[in-house]
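Protein chains get the first letters and strands the later ones, always in sequence-line order, with residue 1 at the start of each. What you see is a predicted model, and the numbers here were worked out from it, not measured in a lab.
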Amino acid sequence: MSKTQATVASLADHYLTWSPEKIAAFRQTLLSWYDAEGRDLPWRQDQEPYHILLSEIMLQQTQVQTVIPYYQRFLAALPTIQDLATVPEEQLLQLWSGLGYYSRARNLQKAAQQLVHDYAGVWPRTAAELVDLAGVGPYTAGAIASIAFGEAVPAVDGNAFRVFARLLEIDLDITKPQTRLVFSAIIARLIDPARPGDFNQAIMDIGTRYMTAKNPDETQSPLRRFDASAAAGTSLQYPVRQKKARPVVQHYFALAIHSPAGWLLLQRPTTGMLARLWLFPLLDQDELLTASQADQPDKTLTTANPLAAPAKNGAGQPTEPPSDPAVLLAAVTTAWQALSGWPTPLPLRDPHLPLVKHTFTHRQWQLHLLTAELPQVPDLANLPGRWFAAADFPAAALPTVQRKMLQALDLPN
DNA sequence: TAAACGTGGTG
DNA sequence: TCACCAAGTTT
């Protein structure tokens, strides 16, 4: 046994001190409650592994009520794993548009292709094998293995962390990878080998219904007599987790360019934020600053330069865009000309719309919208662009931040 | 190990 | 307005 395994096992022993009788009573209480009060969710209609996989991927860091309509629409469009394996990426991203964490969609398709090609359509039935699928980590592998195939393995998600941290007063930092192993070892001792999928899903339902993060209702929980932190009045102290960093603010100009062919959107690069989705052209204010410096190497940049990036005040401290409108438009025009290679300068206008703000997990975008109406359709040349009819926006592969910009411009979204 | 990766809800 | 959270995985 490795040092890590020994540590994990001893920690599990430390936090889980229930007798075999208490463990049996816990299973009985939990599953009886689940049979009577468990939620009726679309992905609980059957145990099709494809249905379980799809729901579990969509549910990663995403709430049930958000997922339900996406799940229904996705399955209606792609009823089988073969359909998913072969669908064009554009349609895949259309189906995922607005759900976030878009790499999930591309990993999901990759997993489908692995299943069809590498596994010849025969599903691996254990968590140990399922983690080899793209986008399937320890939690999702455990969920699929237990729910679809009846393997007695834990599925340690945020609910399981919260529920068991409170029941057993586990004060380990759940953001540490080692901690997952301890929870997994504890749950492996508690899980009902006869009904592992129901056990895992029952914990999720309890976590959502009674043992919520903010306003727990633990006195009504069927597990109250197993709940040490509720007895001690310390529920809200669990689970313990490291604080997250605040998002960094980034300023962009967003160009809403319209021609007789429609509105110009650019496809994002293959990697990074919003990969492969479609957005108005964005110009980073800091890069614009760099470019204007390069054009005028003899001039020293001062804070009076209207294009100077606003002082970094940190997240949540909105800063003003450059103040001189004429200079601003000229600089953006120059930058766009360099980027697009278009011979004619862009007739940019500033409609003075409110800044569009959009906060991601780790950064905030502040978008200053500028518009341009072109009498003729310019050549896209090497731009990764496409002209969209306004009527096509609602069904397109757009991220939410793009829909916010469309809304600000009073366009369909 | 820590950072990247979306969005919507809540107090 | 803002911090925190929600059925996490990848690099």
dC5(B) OP1/OP2 closer than 4.0 Å to side-chain N/O of H362(A): yes
Cationic N near anionic O, under 4.0 Å, D392(A) to R386(A): no
Q60(A) CD to dT10(C) C1', straight-line distance once rounded to whole Å: 11 Å
Sugar-phosphate only, base, or nothing, as touched by S55(A) at under 4.0 Å among non-hydrogen atoms: nothing
Using the 3.5 Å cut-off, write out each protein N or O paired with an N or O of nucleotides 8-11 of chain B and the distance between them.
from, atom 1, to, atom 2, distance (Å)
dG11(B), OP1, N215(A), ND2, 3.2

Distance in angstrom units between D157(A) CG and dC5(C) P, rounded: 15 Å
Sugar-phosphate only, base, or nothing, as touched by L99(A) at under 4.0 Å among non-hydrogen atoms: base
R241(A) vs dC5(C): side-chain N/O to OP1/OP2 distance below 4.0 Å: yes
Ring-face cation contact, F360(A) with R363(A), 6.0 Å cut, 45° max: no
Phosphate contact (dA7(C) OP1 or OP2) by T208(A) side-chain N/O below 4.0 Å: yes
Lys/Arg cation over aromatic W278(A): R268(A), 6.0 Å, 45° cone: no
N200(A) CG to Y139(A) OH distance, which is reported to the nearest 0.5 Å: 7.5 Å
Whole-Å distance separating the CZ atom of F360(A) from the P atom of dA6(C): 22 Å
